[in-house]
Structure formats: C-alpha cells, structure tokens
**Student:** 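Supplied in structure tokens, the structure appears directly below.
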Amino acid sequence: MANVAPDYDKAGDDGCTKVKVICLGDSAVGKSKLVERFLMDGYKPQQLSTFALTLFNYQTEVNKEKVSVDFWDTAGQERFNNMHPSYYHQAHACIIVFDTTRKITYKNLPNWLKELREYRPEIPCLCAANKIDVDVSVTTKSFNFAKKHNMPFYFCSASDGTNVVRLFKDAIRAAVAYKNNSTDFMDEIMRELENFELETDKKDNEVDSGLDSTGNSDEQKQTTAS
Amino acid sequence: MGEEIEVKKCGVKFKPPAIVVTYLLVETSKLHRRTMPLRNFTKNSDVSKAASDLRTHPRHGQFVKGLPKSQLERLICIIRDKLCGMSLEASLARNEEMQKIDSDEDLNKVDPELLARKKSVMEDTFEKNQKKPGDADFEYDLQVDFDNQIVETCEWDSEGSNEDF
Ligand SMILES: Nc1nc2c(ncn2[C@@H]2O[C@H](COP(=O)(O)OP(=O)(O)O)[C@@H](O)[C@H]2O)c(=O)[nH]1
Ligand SMILES: [Mg+2]
C-alpha cells in the first residue's frame, strides 16, 4: 500500500515518459473488466490507500519512446456520483464508458464529461460502448454523444475482447501525444487553488476536445483559472 | 480435489444455516448430496462475502463453483432474510426483484449489497460469453470495424431533453 500518488511530471526511471490514463462512467458499466482484459495477467496492481483507488502499471513503447502507463481504476467511488479530485489530477487521457445494455449509463455520460472537464479541460477523451456481446445488434446504431463531443468511439466487449486492445492502445497514444505537446500547468494551478471553487459554468459553451485537440490551451486556461 | 462433478440441484437449510447441493459424480454416474454449513452466519452477515468465502473454501469450493454466483448469493440471502424474520414468500419476491437488471435504474444510487448482486447477475453473462486465453477463438487484439454497419440512430438519442447530448 502506498500513501502517496506518483508524480507524473517527473521523468520516470531510465527517462521513460510517464502517463496517467483514467476510466470514467457509472457503476457496473465494466470499467474494471476492460482494464483487466487489456492487461490480462501481466499487471501489478497497486493500492493507493488514501483514496481507495487502484493503479495498474503497464510498460510499452510508442514511436520508439519508452512509456510507463498507469491506468487508474476506482474502487467503487462512482457510487457517490463523483470522483475525488486526485483521480483527475495530472491525468493525460480518459476513457469514458457506458453499458450498451443499460440506457441510464448512456444518459449519465454528460455528467461524467462535465466533471472531467472541470478538472481536465482539454485532455483527450475516448468513448467506449461496452458489453456488445450481450446483443451485438447495437452495433448497427449510432450514438450521438461521442460524435457531438468529437471523441473517438469504440464498440467493445470486455467479455469476448472485441476492440479492447485497440481502445487502450489509442488511449495510450493520445495520452503520450498530449503530454508531449502541452505546456499544461493546470495541475500546478489546481494545487495552489486546492480549496478554491473553480469557475466552471463558462465551460458549458466550450467545445470539448477529443483525441486530436491540444490547441487553444492558453485560452482555456484563462477561462478556467480566472 | 479434481473429481468431475455436475451440479443438479441446490437448496438451503435454515438450522443450522447451510447450502445443500445435489451433484452427479461423473465418473460413477451416481448422485450425491453435500451440506455445507455457513459458519458464524448471522442476520448481520454480508451475503456476497459469505458467498465468496464458500466459493474459495478448500473443501466446499468445488461443489458451489458450478452454481452461478448470483444463484449462490440468492440462496444465502434467503437464509439471512429468514434470520431477520422475513417470510419465505417475501424473501423470494425480494430476491427476484434484486436480480432484475433495469435499463433505467441508476446503479450509482443503490446500496453496495444490491450493487454486488446486480454485478453477480451480469457476471453470469460475462462468463458465458467470455473468450479466454486457451480458447480456440481467443485473440488478444481482436479488432472489429462496425462503422459501415450503422443503419439507424440509437433511440436513446431521440428522446427527452437532450441539450447535453
Ligand atoms: N456481458 C458482459 N458483461 C460485462 C462486460 N464487462 C463487464 N461486464 C459485467 O458487468 C459487471 C460490472 O463490471 P465491472 O468491471 O465491475 O464494472 P465497473 O463498476 O464499471 O468497474 C460485472 O459483473 C461484469 O462481469 C462485457 O463486456 N460483457
Ligand atoms: Mg470497478
């Protein structure tokens, strides 16, 4: 059990790039099963005792660059309809998940996205429509949420494995790209403003950034931190 | 360990609290019955913990692993309801309700025990459809493109107030 969360701004051992990828979505949509399916049994979970979170480390390479990814999973905190700020802190990419067998989980996506954007206005976010094994006919339908927010969209199943690896590899690539391009100091601001209410209402008018947007960062920082 | 068995029937005993399984021993084609007491089980005990204790029990484990997890939890819950003074009819009805998956029910808002039960019900389908390493059709990086199969907009998009969508 560790008590301190890793610092993703420091370079990792032997100079590898450290990124943090988080999963969001309602209880029981399959977030934990998706992470497990991607990692199979090659993972080393680490419990962060302070916040009841689980962290899975994964070593890989992206364009010859050594990357150390931490996937963060909740220990059921989504039951309280929101996550501890430390969950979002320094995250480089997010996988937002709904359950294709339960409408409510789709209807709740805007709430999760809104919370994400309060803490991480511009990190890439990927949308996963999980459990397609239950009724594969859902894959003939389009879901507007992802399109509207410019997110890459994946029909997947943690059970039979459809598109899970693709989803996570894309998330890792997006996280690395985001980290390399951005001179993001939102996290520093966050730390200083810990007990401060950020102004978030304005953000409703902003366009949410999907995979390929890392521009406009200065503008967004100002609206958020003013 | 290791004898191949097929679970045929399961039930409960209230005094003392126990799970009873009737199973076929494949080698001999004979039916056997096994009674597995729930140790220190009270009306305050945690159902899903009692179920997982039994499933990982060194001797009993193999006899309950053939049961869907949700069914084992249901049996244990019926025992606990009885300890709480509930009638069998009421308990059966309540358990049936607990095992329903409702597309509109917000599972962020239910208590942990009910969430665990719903997850167990879902787990049954998960295991049925699962492709594991070692299965003939298992592929780690299974990629399927659905883009060109889209024929309609999901009905979830076309109802209610949708400004957020
Ligand atoms: N059929 C099916 N069931 C799934 C799938 N992914 C998860 N589940 C089931 O859904 C339930 C919730 O999964 P879990 O990973 O615990 O969800 P979380 O609360 O979002 O972490 C579990 O019982 C899983 O077995 C899937 O792709 N297909
Ligand atoms: Mg989980």
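Per chain, numbering begins at 1; letters A, B, ... match sequence-line order. Below, each value reflects all heavy atoms present in this structure, side chains not excepted, and no hydrogens, waters or symmetry copies.
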**Student:** Give a yes or no answer on whether the side chain of Thr153(B) reaches the backbone of Ser142(A) with a donor-acceptor pair at less than 3.5 Å.
**Tutor:** no

**Student:** Given heavy-atom pairs under 4.5 angstrom as the criterion, report whether the side chain, backbone, both or neither of Lys33(A) touches chain B.
**Tutor:** side chain

**Student:** Considering only NZ, NE, NH1 and NH2 on the basic side and carboxylate oxygens on the acidic side, decide whether Asp145(B) and Arg166(A) come within less than 4.0 Å.
**Tutor:** yes

**Student:** Determine, step by step, whether Leu107(B) and Arg102(A) satisfy the side chain to side chain contact (heavy atoms under 4.5 Å, CB included) criterion, reporting the C-alpha distance in whole Å, the side-chain angles of both residues, the deciding distance to 0.1 Å, and the verdict.
**Tutor:** CA-CA 10 Å; Leu107(B) 294 185; Arg102(A) 293 188 295 125; 3.3 Å; yes

**Student:** Check for a donor-acceptor pair, side chain of Asn163(A) on one end and backbone N or O of Val144(B) on the other, with a separation under 3.5 Å.
**Tutor:** yes

**Student:** Let me know if Asp102(B) has heavy atoms under 4.5 Å from chain A in its side chain, its backbone, both or neither.
**Tutor:** backbone

**Student:** Is Trp156(B) close to Thr105(A) at the side-chain level, that is, under 4.5 Å between some pair of heavy atoms?
**Tutor:** no

**Student:** Any chance CZ of Arg94(B) has more than 12 other-residue heavy atoms, nucleotides or ligands included, within less than 6.0 Å?
**Tutor:** yes

**Student:** I would like to know whether Phe38(A) and Asp141(B) meet side chain to side chain contact (heavy atoms under 4.5 Å, CB included); could you show each step before the answer?
**Tutor:** CA-CA 9 Å; Phe38(A) 173 67; Asp141(B) 186 1; over 6 Å; no

**Student:** For the OG atom of Ser159(A) and the CE atom of Met122(B), what is their distance to the nearest 0.5 Å?
**Tutor:** 13.5 Å

**Student:** Would Leu142(B) and Val165(A) count as a side chain to side chain contact (heavy atoms under 4.5 Å, CB included) if you check the C-alpha gap in whole Å, the side-chain angles of each, and the deciding distance to 0.1 Å?
**Tutor:** CA-CA 7 Å; Leu142(B) 175 63; Val165(A) 174; over 6 Å; no

**Student:** Taking 4.0 angstrom as the limit, do Lys141(A) and Glu155(B) come out as a salt bridge?
**Tutor:** yes

**Student:** Side chain, backbone, both or neither: which part of Thr101(A) has a heavy atom under 4.5 Å from chain B?
**Tutor:** backbone

**Student:** Would you compute the distance between atom OG of Ser27(A) and atom CG of Leu115(B) and round it to the nearest 0.5 angstrom?
**Tutor:** 5.0 Å

**Student:** Looking at Val29(A), Ile132(A), Thr100(A), which has the largest count of heavy-atom pairs under 4.5 Å with chain B?
**Tutor:** Thr100(A)

**Student:** For Tyr140(B), is there any backbone N or O sitting under 3.5 Å from a side-chain donor or acceptor partner on Arg37(A)?
**Tutor:** yes

**Student:** Could you have a look at Cys156(A), Gly30(A), Gly161(A), Ala28(A) and say which one has the most heavy-atom pairs with chain B under 4.5 angstrom?
**Tutor:** Ala28(A)

**Student:** Just checking Arg117(B): does its CZ atom have more than 12 heavy atoms from other residues, nucleotides or ligands closer to it than 6.0 angstrom?
**Tutor:** yes

**Student:** When rounded to the nearest 0.5 angstrom, what distance separates CD in Gln149(B) from CZ in Phe155(A)?
**Tutor:** 9.0 Å

**Student:** Is there a donor-acceptor pair under 3.5 Å between the side chain of Asp160(A) and the backbone N or O of Gln130(B)?
**Tutor:** no

**Student:** Test your reading of the model: is there a side-chain donor-acceptor pair from Asn144(A) to the backbone of Asp157(B), 3.5 Å cut-off?
**Tutor:** no

**Student:** Decide side chain to side chain contact (heavy atoms under 4.5 Å, CB included) for Glu105(B) and Ile104(A); before the verdict, give the C-alpha distance in whole Å, the side-chain angles of both, and the deciding distance to 0.1 Å.
**Tutor:** CA-CA 7 Å; Glu105(B) 185 179 20; Ile104(A) 182 100; 5.8 Å; no

**Student:** In Å and rounded to the nearest 0.5 Å, what is the CZ to CG distance from Arg79(A) to Asn108(B)?
**Tutor:** 9.0 Å

